There are 2 protein chains.
Amino acid sequence: MKIGELSKTSGCSIQTIRFYEKEGLLSDPERTEGNFRLYDVTALKQLEFVKHCRSLDISLIDIKRLIDLKNKPEESCSSVNALIAQQLALVKKRMKELKALKNELQQMASTCNSDNTIEGCGIIKSLDS
Amino acid sequence: MKIGELSKTSGCSIQTIRFYEKEGLLSDPERTEGNFRLYDVTALKQLEFVKHCRSLDISLIDIKRLIDLKNKPEESCSSVNALIAQQLALVKKRMKELKALKNELQQMASTCNSDNTIEGCGIIKSLDS
DNA sequence: ACTTGACTCTATAGTTACTATAGGTTTTAC
DNA sequence: GTAAAACCTATAGTAACTATAGAGTCAAGT
Ligand SMILES: [Zn+2]
Ligand SMILES: [Zn+2]
Ligand SMILES: [Zn+2]
Ligand SMILES: [Zn+2]
């Protein structure tokens with residue numbers, strides 16, 4: 001299939017596919033005589049792997065590491081495990097941060113009774129302190 | 001005070017201060033004869049307002065809007081309220097996303113017993129499906 | 001007066017993960 | 001045969017900074 005079909009099948013935009021290729025996340029595809037990219041099912045699987053990782057917010061660099069690891073099936077999977085653990089830690093950290101943000105934003109929102117002037121707005125007062 | 005002192009007092013890096021100025025979040029400061037920026041307490045307060053907003057993950061564009069609103073003290077504060085509500089919605093949405101990520105990552109991590117080969121690793125299997 | 005070092009200046013490039021053009025070529029359909 | 005659709009490369013833009021390069025300014029010490 002050509003890139004347009006891969007794009008539709010995978011749900012990745014054409015530009016993103018070409019971008020992943022440039023970044024080394026997808027192997028260089030065959031080309032037609034006219035230089036069009038040609039993909040097969042293997043390429044689709046590769047792309048879906050990347051998409052799945054991205055849906056977990058794993059960075060492109062880490063995805064590359066995972067791909068490299070995948071290509072060494074005999075080795076211990078402890079690096080994989082570590083990478084996922086680190087990603088989990090990252091997510092947890094960000095969740096904690098967002099929880100704090102949420103609390104402060106809610107607190108602020110509650111100090112505004114909406115039919116007020118900006119001068120007397122509790123939100124602006126909070127932000128100013 | 002000069003930019004170095006403002007940087008230390010505020011905890012913002014010098015480059016960030018200049019960047020905020022270029023983006024219109026801080027008013028253009030006075031300059032010495034030798035073209036060095038000169039700040040007073042008002043500038044520090046402005047910067048702290050920006051910092052407080054940023055700590056709530058409010059985008060620079062929205063901070064600019066808030067600053068514009070602050071300069072119209074007579075008007076209704078409903079726009080301020082709306083902006084904060086939107087920010088809160090954004091944070092909540094992201095928290096939901098992260099919660100889903102966390103669940104899937106934890107689920108994945110639990111399928112890896114660490115002293116395995118990559119070939120047999122549950123994490124890789126999850127990512128491949 | 002001169003030099004050294006700390007501080008500051010502007011302008012520019014890099015970061016992440018894409019997205020969006022511009023300008024050109026190839027293929028497909030009528 | 002021609003027009004539209006799909007494809008190609010290369011480049012610039014996004015957000016919110018950070019990090020240089022190369023030059024100018026200023027205070028202290030000799
Ligand atoms: Zn999944
Ligand atoms: Zn209010
Ligand atoms: Zn706060
Ligand atoms: Zn494993």
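Only a predicted model underlies this, so the values are computations on that prediction, with no experimental measurement involved. Chain letters run A, B, ... following the sequence lines, proteins first and then strands; every chain starts at 1.
Applying the 4.0 Å criterion to OP1 and OP2 of C:dT26, one finds that A:Arg31 has every side-chain N and O outside that range. Remark: B:Thr16 is not in phosphate contact with D:dA16, judged by side-chain N or O atoms under 4.0 Å from OP1 or OP2. Put simply, B:Ser13 has a side-chain N or O that comes within less than 4.0 Å of OP1 or OP2 on D:dT18. The phosphate of C:dC18 has OP1 or OP2 within less than 4.0 Å of a side-chain N or O from A:Tyr20. Taking side-chain N and O atoms only, B:Arg37 has no distance below 4.0 Å to OP1 or OP2 of D:dT25.
The side chain of B:Leu60 lies closest to D:dA16 when the candidates are C:dA17, D:dA16, D:dC8.
Here the CG-SG distance, from B:Asn81 to A:Cys121, works out to 7.0 Å after rounding to the nearest 0.5 Å. The structure places CD of B:Glu119 at 11.0 Å from CD1 of B:Ile124, a figure rounded to the nearest 0.5 Å. If you take CD on B:Gln107 and CD on B:Glu104, they are separated by 8.0 Å, rounding to the nearest 0.5 Å.
Among the protein residues, A:Ile14 comes within range of the sugar-phosphate backbone only, with heavy atoms under 4.0 Å from sugar or phosphate atoms but none that close to a base.
A salt bridge is defined here as a Lys NZ or Arg NE, NH1 or NH2 lying under 4.0 Å from an Asp or Glu carboxylate O, and A:Lys70 with B:Asp128 meets this definition. We find that B:Glu97 and B:Arg94 are joined by a salt bridge, their nearest charged nitrogen and carboxylate oxygen being less than 4.0 Å apart. Salt bridge annotation for B:Arg18-B:Glu21: absent, with no cationic side-chain nitrogen under 4.0 angstrom from a carboxylate oxygen.
Between the C1' atom of D:dC7 and the CZ atom of A:Phe19 lies a distance of 20 Å, rounded to the nearest Å. Rounded to an integer number of Å, the gap from CD1 of A:Ile17 to C1' of D:dT9 is 16 Å. Atom CG in B:Asp62 sits roughly 14 Å away from atom C1' in D:dA16 (whole-Å rounding). Distance B:Ile3 CD1 to D:dC26 C1': 16 Å, rounded to the nearest Å. What separates NZ of A:Lys51 from P of C:dA17 is a distance of 16 Å, to the nearest Å. Here the C1' atom of nucleotide D:dC7 and the CG atom of A:Leu6 are 14 Å apart, to the nearest Å. Between B:Gln87 atom CD and D:dA15 atom P the separation is 15 Å, expressed in whole Å. In this structure, the CD atom of A:Glu21 is 14 Å from the P atom of D:dC7, given to the nearest Å.
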Taking only nitrogen or oxygen atoms into account, show me every contact under 3.5 Å that the protein makes with nucleotides 20-22 of chain D, one pair per line with its distance.
none

Taking only nitrogen or oxygen atoms into account, show me every contact under 3.5 Å that the protein makes with nucleotides 27-30 of chain C, one pair per line with its distance.
unit_1: C:dT27; atom_1: OP1; unit_2: A:Gly34; atom_2: N; d: 3.4

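Inspection of the A:Ser27 and A:Gln46 side chains reveals an N or O donor paired with an N or O acceptor under 3.5 Å.
Clustering ILVMFWY residues whenever any of their side-chain heavy atoms sit less than 4.5 angstrom apart, transitively, puts A:Phe36 in a cluster other than the one holding A:Leu26.
B:Leu127 has its side chain within reach of A:Leu56: a pair of non-hydrogen atoms, C-beta onward, lies under 4.5 Å apart.
Position along DNA chain D of the nearest nucleotide to A:Lys22 versus A:Gly4 favours A:Gly4 as the more 5'-ward residue.
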Evaluate side-chain contact (heavy atoms from CB on, under 4.5 Å) for B:Glu74 paired with A:Ile118, printing each intermediate quantity in order.
CA-CA 6 Å; B:Glu74 315 295 310; A:Ile118 285 177; over 6 Å; no

